[in-house]
Amino acid sequence: MVNQHKQQRREFGRRKEPHRIIIAKGDHVRSYTVRPWLASTLVSAVLLFSFGYISATGYLVYRDQILSGSVLEKNQLRQAYEDRIADLRREIDQITSRQMVQRRTLETRIEGLQDRQNKLMSRQSEVDALVNKASQQDVTLVFPPLPETRPELPSSDETIGLRRSSSLFLDDQPSPLAGVDLRRNRELASIGTLYQSLETMESRQNSTIDALMRGATSEMKTLQRTVAAAGVSSLMSSLPKISTGTGNVGGPYEPLRMNDLPFQDRLAILQDTLNKLDISRREVARMPFRAPLKNGQVTSRFGPRIDPFLKRPAMHSGIDYRSSYGTPIRTTGSGVVTKAERMGGYGLVVEVSHGHGLSTRYAHMSLIKVKLGQSVEAGDVIGKVGSSGRSTGPHLHYETRLQGKARNPSTFIEVGRKLKL
């Protein structure tokens, strides 16, 4: 009986019999039959209501805190987002500012290089003019090793294009953070190429100036040494000298290289030296440093000899050139005719004064073609070969006189040969 009761108790809720609820009140007894499914439903409803009630109560109690936390979290997220945007904007502003500075720097460098290019091209025309002038004076140039090819300078349009491209340094970029380094490297490479070209051009100009200065100075010294051999001191004193300053000067010696001077100063010094060389050459070219006959054969030189008529030792004051009758006689320098007449043993004679106490005499002519006081230039025909006066046959007796005294004409002719007159 007990076992049966326990078994029934373990099977409560699973029995087929319905549950009964008995309510007694005094003598009144009421009995309710509750089906299992209905009991489960009621229990579930009660539990669900209790959970909802508790949740609603908790929400009402903690609602402000929950709402405050939610708002705070949203504010924190928004603040973090705004801070990130501000950081990105600052980074973009920094990059933009840096690029603007780089662009202005590039434009400044390009403008400076363009100005330098224009200046070098202008200087090059001056250098070329001096080179042409020096070549006309047969100035020997000694250049240091230089590039075989002349550097090609970018044209003004190319340089302006480079500056324009640098002005688009920021404008043509889809983003300030993209492609900047690549574009900047291209700009710097173009500037580097232009800079190297200008450096090469300037170096070549400086080398040319130095070579011209060395050549002109050497030619001036050679000219002075060669002319000095003729012994015409008055002519030497009239030739321009390289400026050494005026009187009443002094001070310690401090060497100065041409490269230490500004370009325009070096150009002015070179121009002055070439001008002095040109003046000296023109002055020397007026002097009797040439031969009077082109193909005359020397039959008697300057100095002691046996007189052809008396057969005794005598002094020969000039050089005799044998040539055919009527051969043109040319003056050996520029000057003024001071004699054009028959003069004793000289026969028909012409004398030309060249200044500086220097004169030349042409004797034994067959014909005189100039007049007294006439100006003649070097190479002008003044007469023809003959045998007038004290002569044994057609020839030219040629004398060079300094301060009225006969000097060896060969000395002067040798000067002309060295100077290629």
ask   = What heavy-atom pair brings Ile319 and Phe302 nearest, and what distance separates the two atoms?
value = CG1-N, 4.1 Å
inquiry  = Could you check whether any side-chain N or O of Ser203 sits under 3.5 Å from a backbone N or O of Glu199, counting only pairs where one atom can act as donor and the other as acceptor?
reply    = no
inquiry  = Any heavy-atom pair between the side chains of Arg281 and Glu219 that's under 4.5 Å?
reply    = yes
message = Could you check whether any side-chain N or O of Ser218 sits under 3.5 Å from a backbone N or O of Arg214, counting only pairs where one atom can act as donor and the other as acceptor?
response = no
query = Ignoring hydrogens and geometry, is there a side-chain-to-backbone donor-acceptor pair from Lys311 to Pro308 under 3.5 Å?
reply = yes
ask   = Between Tyr321 and Thr299, which heavy-atom pair has the shortest distance, and what is it?
value = N-OG1, 4.5 Å
task = Please say whether more than 12 non-hydrogen atoms of neighbouring residues, nucleotides or ligands are located less than 6.0 Å from CD in Glu82.
result = yes
key: Side-chain (Glu414) to main-chain (Thr411) donor-acceptor, under 3.5 angstrom   = no
message = A side-chain contact here means heavy atoms from C-beta on lying under 4.5 Å apart; do Leu293 and Tyr362 qualify?
response = no
Glu202 side chain near Arg123 side chain, heavy-atom distance below 4.5 Å = yes
note = Between Gly333 and Thr331 the two heavy atoms that sit nearest each other are O-OG1, 2.8 Å
ask   = Is any side-chain heavy atom of Arg305 closer than 4.5 Å to a side-chain heavy atom of Ser300?
value = yes
ask   = Is the backbone of Gln271 close enough, under 3.5 Å, to the side chain of Asn275 for a donor and an acceptor to pair up by distance?
value = yes
request  = Find out whether Arg286 and His354 are in side-chain contact, i.e. whether some heavy atom of one side chain is under 4.5 Å from a heavy atom of the other.
outcome  = no
message = Donor-acceptor pair, distance only, cut-off 3.5 Å: does the side chain of Asn132 make one with the backbone of Asp128?
response = yes
ask   = With side chains defined as the heavy atoms from C-beta onward, is the minimum distance between Val349 and Met365 less than 4.5 Å?
value = no
Flag, side chain of His364 to backbone of Gly347, donor-acceptor distance under 3.5 Å = no
ask   = Can you find a pair of side-chain heavy atoms, one from Arg390 and one from Asp307, that are under 4.5 Å apart?
value = yes
note = Closest non-hydrogen contact found for Ser122 with Ser125 is O-OG, 2.5 Å
message = If you count every heavy atom of other residues, nucleotides or ligands that lies below 6.0 Å from Asn295 atom CG, does the total exceed 12?
response = no
message = For Val385 versus His395, what's the shortest heavy-atom pair and its separation?
response = CG1-N, 3.7 Å
Please set out all donor-acceptor pairs under 3.5 angstrom arising from side-chain atoms of residues 334-345, sequence neighbours excluded.
from, atom 1, to, atom 2, distance (Å)
Ser334, OG, Glu377, OE1, 3.0
Ser334, OG, Ala378, N, 3.2
Thr338, OG1, Glu351, O, 3.2

query = Does the side chain of Ile329 come within less than 4.5 Å of Val381's, by heavy atoms?
reply = no
message = Within this structure, what is the CG-OG distance for the pair Leu396 and Ser387, rounded to the nearest 0.5 Å?
response = 11.5 Å
Rounded distance (nearest 0.5 Å) linking atom CE of Met287 with atom OG1 of Thr360 = 10.0 Å
Spacing of Leu274 atom CG and Met220 atom CE [to the nearest 0.5 Å] = 9.0 Å
task = Give me the one residue out of His397, Arg301, Glu399 that meets side-chain hydrogen bond (donor to acceptor under 3.5 Å, both in side chains) with His316.
result = His397
inquiry  = A quick test of your reading: do over 12 heavy atoms of other residues, nucleotides or ligands sit less than 6.0 Å from NZ of Lys133?
reply    = yes
note = On a heavy-atom basis, the closest approach of Ala291 and Thr332 is C-CG2, 3.8 Å
